[in-house]
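Notes to accompany the following structure.
Residue numbers begin at 1 in each chain, while the letters A, B, ... track the order of the sequences.
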Protein chains: 2
Amino acid sequence: MDVQQTIIDALKQAGINATAQRIAVGRYVLLEADHPTADEVKAAVDKVFPKISMATIYNTLHTLEKAGILRAVKLPHTGRVVYDRNMEPHYHMIDEESGTLTDLEAQRVKLQHELDKEYDIHEVEIFFRGVRKTDQ
Amino acid sequence: MDVQQTIIDALKQAGINATAQRIAVGRYVLLEADHPTADEVKAAVDKVFPKISMATIYNTLHTLEKAGILRAVKLPHTGRVVYDRNMEPHYHMIDEESGTLTDLEAQRVKLQHELDKEYDIHEVEIFFRGVRKTDQ
DNA sequence: TTTAATGCAAAGCGTTTGCACTGCT
DNA sequence: AGCAGTGCAAACGCTTTGCATTAAA
């Protein structure tokens with residue numbers, strides 16, 4: 001099955017009408033990209049689908065979010081939004097040197113607290129910030 | 001010792017020239033406020049010091065940040081910046097009902113991971129999101 | 001034909017900037 | 001006079017909006 005069809009199926013499964021623009025955006029953010037900003041999505045999609053408008057980029061990203069197959073992450077250092085196709089529980093490492101954002105599977109971090117006594121906790125967001133050690 | 005003098009001393013200690021505007025802003029963000037936005041700082045300071053400009057608000061907040069006596073926190077749900085006078089290591093709880101931000105002392109949350117093997121970690125930011133349980 | 005999706009341009013919001021003005025020293 | 005601090009207004013970057021146009025069912 002080709003990539004195009006994979007995306008069309010994914011969109012349909014999510015209840016999203018698979019238009020050409022949505023397929024192009026979906027293909028990039030759901031299969032190819034790694035935490036892109038909206039700009040980067042536009043730049044990438046433009047190559048394949050010139051003249052797509054920023055409004056459609058945002059519309060589509062919001063549609064994917066609402067459908068539960070994409071997540072917007074607001075970065076605390078820049079304040080910018082990046083899009084994350086990893087829908088599993090996970091945290092983020094921000095490499096201060098490169099600016100790169102890396103996913104950390106939830107099981108790599110153990111959290112202990114007694115906040116449940118006071119709160120119904122719906123989500124825990126963690127950003128680690130640091131630099132990758134030089135391998136030696 | 002009165003409040004005014006406390007702030008003047010705090011500013012001087014931080015190497016900041018204690019102008020009238022800075023005292024007004026400092027008094028609010030360092031003593032009175034609880035995670036205010038820049039707007040809220042302006043609104044509060046305006047009562048005491050009408051016609052202060054947004055530029056001066058931001059200038060002063062940045063000056064306090066650079067002096068290490070105030071911290072800017074970018075909220076992941078709204079993307080807005082709030083100012084935090086708590087300079088001890090701590091995390092944040094966002095009450096989804098009220099929008100309130102509460103500090104959580106670092107020792108209330110135990111974090112275990114082996115990321116230090118790969119990274120020099122400079123900071124860990126945690127946002128808990130949930131609602132306060134109804135006392136029963 | 002009537003509904004959904006798109007594209008454009010304008011507006012919005014919070015923040016930053018440039019620059020002239022003020023007021024201490 | 002010199003200089004840090006201030007205020008205004010314009011610019012900024014990203015995102016959202018309104019609305020007319022197009023494509024699709």
Side-chain angles (χ1 to χ4, degrees), chain A residues 7-8 11-12 14-29 33 35-46 48-67 70-84 99 101, chain B residues 7-8 11-12 14-29 33 35-46 48-67 70-84 99 101:
Chain A
I7 286 298
I8 294 175
L11 293 176
K12 288 199 173 143
I16 300 170
N17 209 333
T19 67
Q21 288 90 333
R22 285 172 174 176
I23 294 167
V25 171
R27 179 174 174 155
Y28 183 67
V29 297
H35 302 109
T37 61
D39 269 10
E40 287 163 357
V41 176
K42 169 139 173 51
V45 172
D46 259 340
V48 132
F49 201 116
K51 306 226 147 218
I52 192 169
S53 76
M54 219 41 195
T56 298
I57 297 286
Y58 279 110
N59 282 343
T60 304
L61 293 171
H62 293 159
T63 302
L64 298 177
E65 274 185 79
K66 277 172 207 142
L70 187 69
R71 192 187 293 179
V73 180
K74 216 159 258 167
L75 301 186
H77 54 315
T78 59
R80 299 200 60 180
V81 175
V82 299
Y83 294 89
D84 194 339
L101 195 71
Chain B
I7 285 298
I8 294 174
L11 293 175
K12 286 198 172 142
I16 300 170
N17 208 333
T19 66
Q21 288 91 333
R22 285 172 175 176
I23 293 166
V25 171
R27 179 172 175 158
Y28 183 67
V29 297
H35 302 107
T37 62
D39 269 10
E40 287 164 357
V41 175
K42 169 140 174 47
V45 173
D46 259 340
V48 131
F49 202 116
K51 305 226 146 221
I52 193 170
S53 76
M54 219 41 195
T56 298
I57 297 285
Y58 278 112
N59 281 343
T60 305
L61 294 171
H62 293 159
T63 302
L64 298 178
E65 274 185 78
K66 277 171 206 144
L70 187 69
R71 192 187 292 180
V73 180
K74 214 158 261 169
L75 302 186
H77 53 316
T78 59
R80 298 200 61 177
V81 175
V82 299
Y83 293 88
D84 194 340
L101 196 69

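Rounded to a whole Å, the CD1 atom of B/Ile57 is 14 Å from the C1' atom of D/dG5. Atom-to-atom, CG of A/Leu11 to C1' of C/dA5 comes out at 14 Å; the value is rounded to the nearest Å. One interatomic measurement links the two molecules: CG of A/Asn17 to P of D/dA25, which rounds to 7 Å at whole-angstrom precision. Straight-line distance from the NZ atom of A/Lys74 to the P atom of C/dC13: 15 Å, rounded to whole Å. Taking atom NZ of A/Lys51 as the reference point, atom P of C/dT6 lies 17 Å away to the nearest angstrom. As a whole-Å value, the separation of A/Met54 CE from D/dG13 P is 13 Å. Rounded to whole Å, atom P of C/dC13 lies 17 Å from atom NZ of B/Lys42. Atom P of nucleotide C/dG12 and atom CG of B/Asp39 are separated by 16 Å, given to the nearest angstrom.
When the side-chain nitrogen and oxygen atoms of A/Gln21 are compared with OP1 and OP2 of D/dA23, none of them lie within a distance under 4.0 Å. Distances shown here put every side-chain N or O of B/Arg80 at or beyond 4.0 Å from the OP1 or OP2 atom of C/dC13. Within the 4.0 Å cut-off from OP1 or OP2 of C/dA4, not a single side-chain nitrogen or oxygen of A/Thr19 is found. For the pair A/Arg22 and C/dT6, the criterion of a side-chain N or O lying under 4.0 Å from OP1 or OP2 is met. Proximity of A/Tyr58 to the phosphate of D/dT16: no side-chain N or O atom is located under 4.0 Å from OP1 or OP2. Using a 4.0 Å cut-off, some side-chain N or O of B/Thr56 falls inside it from OP1 or OP2 of D/dG7.
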message: Assess the residue pair B/Leu75 and B/Val81 against the criterion (side chain to side chain contact (heavy atoms under 4.5 Å, CB included)); give the C-alpha distance rounded to whole Å, side-chain angles, the decisive distance to 0.1 Å, and a yes or no.
response: CA-CA 6 Å; B/Leu75 302 186; B/Val81 175; over 6 Å; no
message: side chain to side chain contact (heavy atoms under 4.5 Å, CB included), that's the test. Do A/Phe49 and A/Ile52 meet it? Break it down for me.
response: CA-CA 6 Å; A/Phe49 201 116; A/Ile52 192 169; 4.2 Å; yes
message: Pair A/Met54, A/Lys42 - check side chain to side chain contact (heavy atoms under 4.5 Å, CB included), show working.
response: CA-CA 7 Å; A/Met54 219 41 195; A/Lys42 169 139 173 51; 3.3 Å; yes
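Donor-acceptor pairing under 3.5 Å is recorded for the side chains of A/Thr56 and A/Ser53.
Residues B/Leu11 and B/Thr19 have side chains not in contact (no heavy-atom distance under 4.5 Å, counting atoms from C-beta outward).
Across D/dT16, D/dC14, D/dG7, the shortest atom-to-atom separation from the side chain of A/His62 is found for D/dT16. The A/Ile52 side chain lies nearest to C/dG7 when the options are D/dT6, C/dG7, D/dC14. When distances run from any side-chain atom of B/Ala55 to the nucleotides C/dT6, D/dT6, D/dC8, the shortest one goes to D/dC8.
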